Asks: 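Take this structure, written in structure tokens, and hold onto it; I'll ask about it next.
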Amino acid sequence: MSETTTERPVRVVLADDQPLVRTALRMVITDTEDLVVAGEAANGSEAVRLVEETGADVVVMDLRMPGTDGIEATRLITTGPTGARVVVLTTFDDDDHVYGALHAGASGFLVKDMALDDILAAVRVVASGDALIAPSVTRRLIKEFTDRPKPAPAAPGRRAEGITDREREVLTLVGRGLSNTEVAAELHISVATAKTYVTRLLAKLDARDRVQLVIIAYEAGLVSAA
């Protein structure tokens, strides 16, 4: 006799000080079978508390909130014991905040005017262990790096050295914000092969996730803000 097992839904905490944003996200999540709202927070400290209380998998995080802001909340969550991952919702005038959230450990960066279905798709990607950056946000991040003083030489494990020509091609495309599917189409390889290359790059370059690969690609001169 076979036994059927059903995976539990991804538990999501919505952290935004605008009730309308939380309501819109909650309504679309309610209509899904694989996602469930674990709680709602109006500031960073509430988000951290809810993650600890509910064991949430993903936090959809606004950056500008009263009290504990999204950057500090992201840092507390990603360095905490829960293993929860953070998807940041940002606007185009949030460059400094996005830069801070990047280094705080966020795994996804989306713009608030994206379609709600695209935001849900990003939550699923991040919950699966991958990272995702909206291409428009990628360009803003790289410009932010360009406008700052040149970074100090990266540690040996973080330099884009010792990788193959094909891995360098993949790193360049990831640095431009392309997904695995888009990388595969660009290089005429399978999606599974593209994912394998990304996994190898994460290991070789000692990167936590796809977001850090963007930084490495920039520091190696493979991508620019142009």
Side-chain angles (χ1 to χ4, degrees), residues 7 10 51 55-61 71 74-88 98-110 121-135 137-142 144-146 148 150-225:
E7 292 187 4
V10 174
V51 168
D57 304 295
V58 177
V59 182
V60 178
M61 183 80 74
I71 296 175
T74 296
R75 185 189 67 78
L76 292 171
I77 289 168
T78 59
T79 58
T82 64
R85 296 164 68 84
V86 175
V87 176
V88 166
V98 171
Y99 188 84
L102 172 70
H103 289 280
S107 296
F109 293 84
L110 308 174
V123 169
R124 295 182 178 102
V125 168
V126 169
S128 72
D130 205 343
L132 184 146
I133 320 175
V137 178
T138 300
R139 290 191 294 271
R140 302 288 291 199
L141 285 172
I142 293 172
E144 177 74 11
F145 298 141
T146 304
R148 290 171 181 260
K150 276 289 185 182
R158 297 298 302 277
R159 294 196 204 109
E161 298 175 356
I163 62 177
T164 67
D165 289 342
R166 179 60 101 183
E167 288 168 345
R168 189 174 297 271
E169 289 180 306
V170 172
L171 179 60
T172 301
L173 295 175
V174 170
R176 285 167 41 194
L178 272 64
S179 66
N180 288 345
T181 300
E182 293 167 331
V183 169
E186 187 82 12
L187 298 180
H188 306 290
I189 58 179
S190 70
V191 176
T193 299
K195 186 173 183 178
T196 297
Y197 277 120
V198 171
T199 300
R200 288 178 186 170
L201 286 168
L202 292 170
K204 284 188 174 183
L205 301 177
D206 191 28
R208 180 184 61 245
D209 54 33
R210 202 182 199 92
V211 176
Q212 291 192 340
L213 289 181
V214 172
I215 300 177
I216 295 170
Y218 165 72
E219 291 177 343
L222 300 178
V223 294
S224 69

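Keep in mind that what you see is a predicted model, and the values were worked out from it rather than measured.
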Asks: Looking at residues at least two apart in the chain, or sitting in another chain, which of them share a side-chain hydrogen bond (donor to acceptor under 3.5 Å, both in side chains) with Ser190?
Replies: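 Ser190: side-chain hydrogen bond (donor to acceptor under 3.5 Å, both in side chains) contacts with Thr193.
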Asks: For Gly175 versus Val214, what's the shortest heavy-atom pair and its separation?
Replies: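 For Gly175 and Val214, the tightest heavy-atom pair comes out as O-CG1, 4.0 Å.
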Asks: With side chains defined as the heavy atoms from C-beta onward, is the minimum distance between Thr196 and Arg200 less than 4.5 Å?
Replies: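 Thr196 vs Arg200: side chains touch.
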Asks: Leu171 pairs by side-chain contact (heavy atoms from CB on, under 4.5 Å) with which of Leu205, Val198, Val183?
Replies: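 When side-chain contact (heavy atoms from CB on, under 4.5 Å) is applied between Leu171 and each of Leu205, Val198, Val183, only Leu205 qualifies.
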Asks: Which value, rounded to the nearest 0.5 Å, describes the distance between Tyr197 atom OH and Ile189 atom CD1?
Replies: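 Tyr197 OH to Ile189 CD1: 6.0 Å, rounded to 0.5 Å.
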Asks: Tell me, which pairs form a side-chain hydrogen bond (donor to acceptor under 3.5 Å, both in side chains) where one or both residues lie in residues 75-87, sequence neighbours left out?
Replies: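 Of all non-adjacent pairs touching residues 75-87, those that pass side-chain hydrogen bond (donor to acceptor under 3.5 Å, both in side chains) are Glu72-Arg75, Arg85-Ser107.
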Asks: To the nearest 0.5 angstrom, please state how far the OG1 atom of Thr181 sits from the NZ atom of Lys195.
Replies: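 Nearest 0.5 Å value for the OG1-NZ distance: 10.5 Å.
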Asks: To check you understand the geometry: which heavy-atom pair defines the closest contact between Ala84 and Ala56, and what is its length?
Replies: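 So the two residues come closest at CB-O, 3.4 Å.
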Asks: Could you tell me the separation between the CG atom of Leu213 and the CG atom of Leu202, rounded to the nearest 0.5 Å?
Replies: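 Answer rounded to 0.5 Å: 4.5 Å.
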Asks: Measuring from Glu167:CD to Lys204:NZ, what's the distance to the nearest 0.5 Å?
Replies: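 Here the rounded value is 3.5 Å.
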Asks: Which residue, Asn180, Leu178, Leu222, forms the side-chain contact (heavy atoms from CB on, under 4.5 Å) with Leu173?
Replies: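 When side-chain contact (heavy atoms from CB on, under 4.5 Å) is applied between Leu173 and each of Asn180, Leu178, Leu222, only Leu178 qualifies.
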Asks: Where do Val86 and Met61 come nearest, in terms of heavy atoms and distance?
Replies: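 Distance-wise, the nearest heavy atoms are CG1-CB, 3.7 Å.
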